[in-house]
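Working notes, beginning with the structure itself.
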Amino acid sequence: MDLTYVVAMGSERSLVVRPPKLNSLVELLTSHGYSVVGPILRDGVVVLDFIEKFDEALIGVESAPRPGEYRLEEHKGAVFGGPVGPMSMKRWINPPNRIAWSARPEGDQVHVDTPKPRGPRAYLGIRPCDVAARTIFGEVWPGHPDDLVIVAECTSVGETCFCSSMGTGPAAGEGADIVLTEFGEGSVLVRSRSDRGAVLLARMNGAAATEDEIESARSRVAAAAESMVRSIDSEAAREALASMPDSAVWDSVAQRCLACANCTMVCPTCFCTSINDTADLDGVVQRTIRWDSCFTPGFSEIHGGVHRDSVAARYRHWASHKLSTWWDQFGTAGCVGCGRCITWCPVGIDITEEANRIIKEVAHA
Amino acid sequence: MTRRAVSRSSRGLRDRRPTLAVFKFASCDGCQLSILDAEDQLLAVTEAIDIINFPEASSRILPGPYDIGLVEGSVTTSHDLERLLEVREQCGLLVTIGACAMSGGIQALRNARDVDELAAMVYPNPEYFDVLEESTPASRHVRVDVEIPGCPVNRRGLVDVLGALLAGRRPALPTHSVCIECKIRGTTCVMVAKGQPCLGPVTRAGCGALCPSYARGCYGCFGPADVVNVASLSAQFDTEGKATIKAGLQSFNVGAPAFEEAARHV
Ligand code: SF4
Ligand code: SF4
Ligand code: SF4
């Protein structure tokens, strides 16, 4: 399938690429020294990985996330695989199990090795909620200053998405260098949002985007926003969640919650890690930093015991942090409405449903 | 990797090479084989530790006491029990390896049945058959210092425990769900993406999410995680799926109280 780039620079200059292939964009990024991370299809799921060329298997299919369920569906005109899959940029910014340093004996010395700093990366085809999540996550784990983000606006949404109500999508907000918008049959509108993005765009061959094309892309994104079925009143949630520590809602979630931690693993803003030191039999010592979760009892174990000692307390802590106490800590919500925690929860526990129950409880109190 | 030299204050390893013995009770030997399967680490193991009693590997068997004793298998006969008490006496640190030694193993399936009836079904002369009512874990009878879960144990986990004991640090044996390992590995969730029954959310990590990485559900061979909510998990499945969940609970770790209890409600 041929893809059309319609390239628009600012509002005045624009180009159309022919013959059109998304691969030329990947090549351009690679030639500028970026390693490119983008969506690919693996095991029937859209995941992120290092790519050398655009995965054409994505064309015409998209993620269909539902509570506790993920399937792939055919969708004519889809280019980047639809709504988010399980992985976000968090996996590349702060890998799930990374070596902080290792040390080994050598004669009467100990040599300490630390990992080499990596080069710049380009994240391609990232959804708007995840771009917002990168900024939030960056408060704790900043990415590389030279990383480039190429966002793909959403023109169709999943059942678990609620970015609209969290103010992060489906139109691209801040934090991206280049904005792509799928429209029509495999056509992609390309716009720059930063100086670096503009420099790259200037190197892309393409035809001008017409006003009509730009409008068509915009209206598709707007229609996507309209079609979203889930929402949270973010302001109300901020007030309500932290004020209801004894709500029966928490106990009712705990009946269903497995404390399996999938929600925190897939959440693009959940930043918690644990530090593990191991020593092998040769005397090589390694310190690793590994994703951890507030859903495990061990995570809140301090001298004297576990201080979040029930599943209800752990779910309450997590949901309240995402929607309420995160504001006090960082000045934003900790949730971007990507819906991953709903999709990848094996029992489909829905943060929007639980938050809305609490909000209602407060309103009726 | 950049390199920095710092002065070396202590070696961490003990002055004397500690001795180790391996004891087999009712089991299939699979966990002992995991020691031999430690490949790249095996040489380091034998350099750091003097394995002086390991009949599966060597005919050189020296008498105790031993610094470390590894116990494989469950207690199923009165002779087992006597021997376990002796083993405990002889070993400074007692480490159990595998599901049998930790929860009674697959042979604990008989705990809920009448042993004499079962013996009559299997043996032509059950009167020669002398066995305890239940297959039980070592910890039911003696103090156990470390329990390594799994059927079989994960060899990296095993080597890590030995390394930890030598270094005097706490072994890094996770007690959380397999799901965390699944996500860390980047494996596709078979339950969410394929609708397959998976015991991962209630099963203790340590295998590295082996089964899901081969596109099949976890069947619980590492035993219960620190939170086990099977009622909620099994509610996701139809009758056939529930039966798969139940079969997982009632296999290698059927004797683990959390699984035993959970299976009653599926
Ligand atoms: S809490 Fe859920 S919806 Fe919100 S950002 Fe995290 S995974 Fe996405
Ligand atoms: S909310 Fe869902 S994904 Fe999160 S710990 Fe509970 S069961 Fe697991
Ligand atoms: S495949 Fe099983 S172990 Fe892995 S995340 Fe899914 S439910 Fe958990």
Side-chain angles (χ1 to χ4, degrees), chain A residues 42-45 47 49 65 68-72 86-87 91 96-97 101-103 105-116 254-262 264-266 276-283 285 290-293 295-299 311 314 343-348, chain B residues 1-9 11-13 38 41 43-49 156 159-160 162-164 166-167 169 171-172 174-195 198 200-202 215 225-233 235-236:
Chain A
R42 186 196 292 152
D43 300 333
V45 177
V47 297
D49 210 338
E69 191 184 304
Y70 173 101
R71 296 291 183 271
L72 204 65
M87 293 179 186
R91 198 172 183 88
N97 198 13
W101 53 259
S102 64
E106 232 178 64
D108 59 352
Q109 299 258 296
V110 173
H111 281 287
V112 180
D113 293 334
T114 50
K116 256 212 287 311
Q255 297 277 309
R256 287 171 289 139
C257 178
L258 310 170
C260 63
N262 274 302
T264 50
M265 296 287 119
V266 294
N276 300 309
D277 292 338
T278 52
D280 75 11
L281 295 162
D282 294 326
V285 183
R290 213 190 73 142
W291 291 0
D292 207 338
S293 172
F295 278 89
T296 72
F299 193 68
V311 176
R314 282 176 232 145
T343 309
W344 296 96
C345 171
V347 296
Chain B
M1 300 281 251
T2 56
R3 184 179 278 191
R4 185 160 54 96
V6 294
S7 96
R8 196 173 172 193
S9 56
R11 287 186 63 92
L13 299 180
Q41 292 275 296
L43 195 62
V45 171
T46 52
E47 271 169 13
I49 299 169
R156 266 173 294 123
V159 171
D160 179 70
L162 294 177
L166 292 183
R169 76 173 159 83
T175 53
H176 57 65
S177 70
V178 174
C179 299
I180 289 184
E181 289 189 324
C182 224
K183 289 292 179 288
I184 283 178
R185 189 170 179 154
T187 299
T188 290
C189 174
V190 301
M191 182 162 167
V192 168
K194 305 204 165 70
C198 182
V202 298
D226 41 25
V227 176
V228 174
N229 185 351
V230 171
S232 174
L233 179 70
Q236 298 300 303

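Proteins come first, then strands; the chains are lettered A, B, ... in the order of their sequence lines, and each starts at number 1. The figures here come from the full heavy-atom set of this structure, side chains too, leaving out hydrogens, waters and symmetry mates.
Looking at Pro346(A), the atoms closer than 4.5 Å to chain B (heavy atoms on both sides) sit in the backbone and in the side chain alike. Looking at Thr296(A), the atoms closer than 4.5 Å to chain B (heavy atoms on both sides) all sit in the side chain, from C-beta outward. For Ala254(A), the part lying near chain B is the backbone, with the side chain staying farther off; criterion is any non-hydrogen pair under 4.5 Å. Neither the backbone nor the side chain of Val285(A) comes within contact range of chain B; no heavy atom of the residue lies under 4.5 Å from a heavy atom of that chain. Neither the backbone nor the side chain of Val202(B) comes within less than 4.5 Å of any heavy atom of chain A. Val347(A) touches chain B through backbone and side chain together, each having a heavy atom under 4.5 Å away. In this structure, chain B has a heavy atom under 4.5 Å from the side chain of Arg71(A), while its backbone stays farther away.
Listed by chain and number, the residues in a salt bridge (Lys or Arg N to Asp or Glu O under 4.0 Å) with Arg91(A) amount to none (sequence neighbours excluded). Scored by the salt bridge (Lys or Arg N to Asp or Glu O under 4.0 Å) test, Asp49(A) finds Arg42(A) as partners (sequence neighbours excluded).
By the 4.5 Å heavy-atom criterion applied to side chains, Cys189(B) and Lys183(B) are counted as neighbours.
Interface summary for chain A: among Asp160(B), Asp226(B), Leu162(B), the most heavy-atom pairs under 4.5 angstrom belong to Asp226(B). Contact tally against chain A (heavy-atom pairs below 4.5 Å) for Cys198(B), Gly186(B), Cys182(B): the top residue is Gly186(B).
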**Request:** With side chain to side chain contact (heavy atoms under 4.5 Å, CB included) as the test, would you mind laying out the steps for Ser232(B) and Gln255(A) before giving the verdict?
**Result:** CA-CA 7 Å; Ser232(B) 174; Gln255(A) 297 277 309; over 6 Å; no
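Remark: the backbone N or O of Cys257(A) is paired with a side-chain donor or acceptor of Asn229(B) at under 3.5 angstrom.
Between atom OG1 of residue Thr187(B) and atom CG of residue Asp43(A) there is a gap of 8.5 Å, rounded to the nearest 0.5 Å.
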